[in-house]
Novice: 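One structure, as structure tokens, below. Some questions next.
Numbering of ligands and ligand atoms starts at 1, following listing order. Side chains are part of it too, since the values below use all heavy atoms of this structure and drop only hydrogens, waters and symmetry mates.
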Amino acid sequence: MVDTLIVGGGTAGCVLAARLSEDPNHSVRLVEAGPVSIDAAQLLDATRMPIGPESTVVWRYPVDLAASVVGNIVRGRVIGGSGAINGGYFVRATAADFTAWSKELDGAASWSFDAVLPAYRRLERDHDYGDRPGHGTTGPIPVRRTADPTPLSREFASACAALGLASIPDLNALPGAAPAEGYGPVPCNVEHGRRVDTGTAYLAPALARPNLTVTGAMVVTRIRFDGTRAVGVDYLHEGRAGTLAADHIVLCAGAIESAALLLRSGIGDPRQLRALDIPVLHPAPVGAWFSDHPEIGIEYRSAAALASGAGIPLEYVLELDDVEIRPYAVSFTPYIHRLGVALMRPRSEGVLRLRSADPVDAPLIDFRYLSAATDRIRLREAVTIALEVLHGIPILRAPESIPEPTDAWLHANLATSQHLSGTCRMGGADDERAVVDERCRVHGTTGLSVVDLSVVPVPLSRGPKATTVMIAERVSEYLT
Ligand SMILES: Cc1cc2nc3c(=O)[nH]c(=O)nc-3n(C[C@H](O)[C@H](O)[C@H](O)COP(=O)(O)OP(=O)(O)OC[C@H]3O[C@@H](n4cnc5c(N)ncnc54)[C@H](O)[C@@H]3O)c2cc1C
């Protein structure tokens, strides 16, 4: 029996496996649904995301984005998880996010900005600002901002400056060391044109340790309990079913699959579980409120030369409080470019529940985007600002005007940032919205934790990858 069994070798799982196995007396087993041995060249190329219809390294989910708006989302199904297939944007959450997070913990300081800063520093090797306060120079993840932006990104920055917006050279600067709002180059986990995920940065150097075992193509289907103590998992591996025992089980399967695993194992809304003939182990609001960043896409025509030499999908962003404006440097359709307008702290909350008890059936995922009137109002304002920036780029053929960005227009241009979080929220035992405690242990059970983006109890004002790595770094201290 191993000391710790980690389910999911994604962004968080690879960090945990590497950190926990640093202690030679602690045995760790990591199981991953996707391949461990992969075509690295295809995956690591930071200029493309291997998520198209031909991709064999993603989970696919049909979803409801809003009333009458359906969509499809993906997640990485490979060592490195979603971080192995993503855009490479690697930005810390804001100090205000951690103030909000601490409020969810009745003011406890365990997830304040000061408490998490050492983990953010430990994980990074910032090539541009490593010597500045609050940064790190020796961590596993390389962080760089583009040194040679495309003409499109440069024009975007000039248009922001012309509007009087502040420049933020380092979006990961300490609070107070940079303007809170403005435009700047995106810190990326990219080195020599390669996306450096946690599989490469954390797990690969640890693979030779005798106390670490990694198995790919193994899908965990359910957690086994003795009373309320988690004692093992059921899995499917190359067509065969089996069981693994462990002293401690940590779910790192991502915000969708960690939640689905808890639900399938009897931790969830009792009424919904009974309707699916799943015996109830512990009532909990798993999947009841999740968050993600809705994105409105504005398409415009551009000269091909503007995007020439695009290295990474997103080189610059404009941060305006709860809005992030993203001038994608890569063109998804010839001569057509996309400006993403994302709401980073939406009020609308989504719902995830099981379709059936069968692990083969993907869960039902309903984002309920735009259901809060405040979100629609804020997005309309944000689209107007985004158009103002676009019109400041003279060589573009920006849309002359969007016919008044009405609710119908927002719905027609709605997409998601694919940052789903908060299906197993952190909070105290008496918090009716909480699934895990401050140390990510599942309430009502022993020997079971969730350590991935599922646990974040508030919307994050920035993309979540850097924070997911930080969470795993942080919780690894508690699990040894
Ligand atoms: C297309 C895309 C682009 C993105 N771009 C960015 C970006 O540029 N910047 C940013 O900050 N964020 C981005 N994100 C979001 C970010 O990558 C994720 O939120 C983050 O990586 C989540 O980490 P995680 O550890 O929670 O889950 P994941 O990294 O998804 O890891 C979960 C792992 O668990 C495995 N697994 C799941 N179920 C099981 C099971 N039952 N048994 C065994 N293994 C299982 C999966 O195969 C996967 O490897 C993007 C996401 C997507 C999908």
Novice: Under 3.5 Å, is there a donor on one side chain and an acceptor on the other for Y202 and E473?
Specialist: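 Yes.
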Novice: Here's a test for you: under side-chain hydrogen bond (donor to acceptor under 3.5 Å, both in side chains), which of H248, H26, R29 qualifies with T4?
Specialist: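 Testing T4 for a side-chain hydrogen bond (donor to acceptor under 3.5 Å, both in side chains) against H248, H26, R29 leaves exactly one candidate, H26.
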Novice: Of all the atoms in ligand 1, which lie at a distance below 4.0 Å from a heavy atom belonging to R75?
Specialist: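 Per the distance check, 53 (C).
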Novice: Using a 4.0 Å cut-off to any heavy atom of G76, which atoms of ligand 1 qualify?
Specialist: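 What qualifies from ligand 1 is 46 (C), 47 (O), 48 (C), 49 (O).
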Novice: Is there a polar contact, in the sense of an N or O pair closer than 3.5 Å, between Y89 and ligand 1?
Specialist: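 Right, the criterion is met.
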Novice: Specify the protein heavy atom at minimum distance from atom 44 (N) of ligand 1: its residue, its atom name, and the distance to 0.1 Å.
Specialist: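 Looking at atom 44 (N) of ligand 1, the protein heavy atom closest to it is A33 N, 3.1 Å.
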Novice: Checking side-chain hydrogen bond (donor to acceptor under 3.5 Å, both in side chains) for the pair T99/S102: CA distance, chi angles, key distance, verdict?
Specialist: CA-CA 5 Å; T99 304; S102 301; over 6 Å; no
Novice: N/O to N/O below 3.5 Å, does that happen between V78 and ligand 1?
Specialist: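 Yes, at least one N or O pair falls under 3.5 Å.
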Novice: For I51 and ligand 1, does the shortest N/O to N/O distance drop below 3.5 Å?
Specialist: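 No.
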Novice: Is A12 in polar range of ligand 1, meaning some N or O pair under 3.5 Å apart?
Specialist: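 Yes, at least one N or O pair falls under 3.5 Å.
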Novice: Under 3.5 Å between any N/O of K465 and any N/O of ligand 1: does that happen in this structure?
Specialist: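 The answer is yes, given that K465 and ligand 1 share an N or O pair closer than 3.5 Å.
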Novice: Distance from N211 atom CG to E22 atom CD, nearest 0.5 Å?
Specialist: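 N211 atom CG to E22 atom CD measures 10.0 Å (nearest 0.5 Å).
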Novice: Using the side-chain hydrogen bond (donor to acceptor under 3.5 Å, both in side chains) rule, take E191 and H127 through it: C-alpha gap first, then chi angles, then the decisive distance, then the call.
Specialist: CA-CA 10 Å; E191 197 163 50; H127 290 280; 2.8 Å; yes
Novice: Decide whether an N or O pair under 3.5 Å exists between G34 and ligand 1.
Specialist: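 Min N/O separation from ligand 1 is not below 3.5 Å for G34.
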Novice: Considering heavy atoms of the protein only, find what lies nearest to atom 12 (N) of ligand 1 and give residue, atom and distance to 0.1 Å.
Specialist: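 Checked against all protein heavy atoms, atom 12 (N) of ligand 1 sits closest to P464 CD, 3.4 Å.
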Novice: Heavy-atom contact under 4.0 Å between G83 and ligand 1?
Specialist: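 The answer is yes, since G83 has a heavy atom less than 4.0 Å from ligand 1.
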Novice: Considering only non-hydrogen protein atoms, determine which one is nearest to atom 49 (O) of ligand 1 and report residue, atom name and distance to 0.1 Å.
Specialist: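 For atom 49 (O) of ligand 1, the nearest protein heavy atom comes out as E32 OE1, 2.7 Å.
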Novice: So if I count the atoms of ligand 1 from 1 in the order they appear, which ones are less than 4.0 Å from some heavy atom of V220?
Specialist: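 Once the distances to V220 are compared, the set is 40 (C), 41 (N), 42 (N), 43 (C).
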Novice: Just let me know how S258 lines up against ligand 1, side chain, backbone, both or neither, with a heavy-atom cut-off below 4.0 Å.
Specialist: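 None of S258 does.
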Novice: Which residue holds the protein heavy atom closest to atom 16 (C) of ligand 1, what is that atom called, and what is the gap in Å?
Specialist: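 For atom 16 (C) of ligand 1, the nearest protein heavy atom comes out as N86 ND2, 4.0 Å.
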Novice: For atom 53 (C) of ligand 1, grab the closest protein heavy atom and report residue, atom and distance to one decimal in Å.
Specialist: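 That would be V74 O, 3.2 Å.
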Novice: Which of the numbered atoms in ligand 1 are under 4.0 angstrom from any heavy atom belonging to E257?
Specialist: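 Per the distance check, 37 (C), 38 (N).
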Novice: Could you tell me, atom by atom, which parts of ligand 1 come under 4.0 Å of a heavy atom of V219?
Specialist: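 Numbered from 1, ligand 1 contributes 41 (N), 42 (N).
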Novice: Quick one: does M218 get within less than 4.0 Å of ligand 1, heavy atoms only?
Specialist: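 In this structure, M218 qualifies as a contact of ligand 1 - some heavy atom is under 4.0 Å.
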Novice: Short N/O distance, under 3.5 Å, between A466 and ligand 1?
Specialist: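 No.
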Novice: Tell me whether T11 has any N or O atom under 3.5 angstrom from an N or O of ligand 1.
Specialist: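 Such a contact does occur with ligand 1.
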Novice: Go through ligand 1 atom by atom and flag the ones less than 4.0 Å from a non-hydrogen atom of G463.
Specialist: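 Checking each atom against G463, I get 11 (O).
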Novice: Please report which non-hydrogen protein atom sits nearest to atom 31 (O) of ligand 1, along with the residue it belongs to and the distance in Å to one decimal place.
Specialist: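 Looking only at protein heavy atoms, the one closest to atom 31 (O) of ligand 1 is G10 CA, 3.2 Å.
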Novice: Distance check, rounded to the nearest 0.5 Å: R355 atom CZ versus L276 atom CG?
Specialist: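 Here the interatomic distance stands at 11.5 Å.
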Novice: What's the shortest distance from atom 27 (O) of ligand 1 to any protein heavy atom, and which residue and atom give it?
Specialist: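 Of every protein heavy atom, G254 CA, 3.5 Å lies nearest to atom 27 (O) of ligand 1.
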Novice: Atom OG in S82, atom CG in D452: separation rounded to 0.5 Å?
Specialist: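 Those atoms lie 10.0 Å apart.
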Novice: Under a 4.0 angstrom heavy-atom cut-off, which atoms of ligand 1 come close to G88?
Specialist: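 Every atom of ligand 1 under 4.0 Å from some heavy atom of G88: 8 (O).
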Novice: Of R144, R145, R121, R92, which meets salt bridge (Lys or Arg N to Asp or Glu O under 4.0 Å) against D126?
Specialist: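 Only match with D126 under salt bridge (Lys or Arg N to Asp or Glu O under 4.0 Å): R145.
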Novice: Between R132 and D170, is a salt bridge (Lys or Arg N to Asp or Glu O under 4.0 Å) present by the stated rule, with each step listed?
Specialist: CA-CA 10 Å; R132 304 286 170 89; D170 178 15; over 6 Å; no
Novice: Within a distance under 4.0 Å of any heavy atom of T468, pick out the atoms of ligand 1 and give their elements.
Specialist: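 Those of ligand 1 that fall under 4.0 Å from T468 are 23 (O), 24 (P), 25 (O), 26 (O).
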Novice: Tell me, please, whether W59 has R75 positioned over its six-membered ring: NZ or CZ under 6.0 Å from the ring centre and within 45 degrees of its axis?
Specialist: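 No cation-pi geometry.
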Novice: Quick check for you: to the nearest 0.5 Å, what is the distance between L460 atom CG and F98 atom CZ?
Specialist: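 With rounding to 0.5 Å, CG (L460) is 7.0 Å from CZ (F98).
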Novice: Going by distance only, is there an N or O of I85 that falls short of 3.5 Å from an N or O of ligand 1?
Specialist: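 Among all N and O atoms of I85, none is under 3.5 Å from an N or O of ligand 1.
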Novice: Please determine whether a side-chain nitrogen of the Lys or Arg among R368 and D366 lies less than 4.0 Å from a carboxylate oxygen of the Asp or Glu.
Specialist: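 Yes, this pair counts.
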Novice: Looking at E104 and R433, does any basic side-chain N land under 4.0 Å from a carboxylate oxygen?
Specialist: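 So E104 does not pair with R433 through a salt bridge.
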Novice: Could you tell me if any non-hydrogen atom of W59 lies under 4.0 Å from any atom of ligand 1?
Specialist: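 It does; at least one heavy atom falls under 4.0 Å.
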Novice: Could you check whether atom CZ of R347 has more than 12 heavy atoms from other residues, nucleotides or ligands sitting under 6.0 Å from it?
Specialist: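 Atom CZ in R347 is not packed in, count stays at 12 or less.
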Novice: Under the criterion side chain to side chain contact (heavy atoms under 4.5 Å, CB included), I'd like the reasoning laid out for F90 against L123: C-alpha separation, chi angles, the key distance, then a yes or no.
Specialist: CA-CA 11 Å; F90 199 78; L123 66 87; 3.5 Å; yes
Novice: What is the closest protein heavy atom to atom 30 (O) of ligand 1, and at what distance does it sit?
Specialist: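 In this structure, atom 30 (O) of ligand 1 has S82 OG, 2.7 Å as its nearest protein heavy atom.
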Novice: Show your working on side-chain hydrogen bond (donor to acceptor under 3.5 Å, both in side chains) between R326 and S417 and close with a plain yes or no.
Specialist: CA-CA 11 Å; R326 308 170 177 158; S417 306; 3.0 Å; yes
Novice: Quick one: CE on M470 to CG on L117, what's the gap to the nearest 0.5 Å?
Specialist: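 Between atom CE of M470 and atom CG of L117 there are 10.0 Å.
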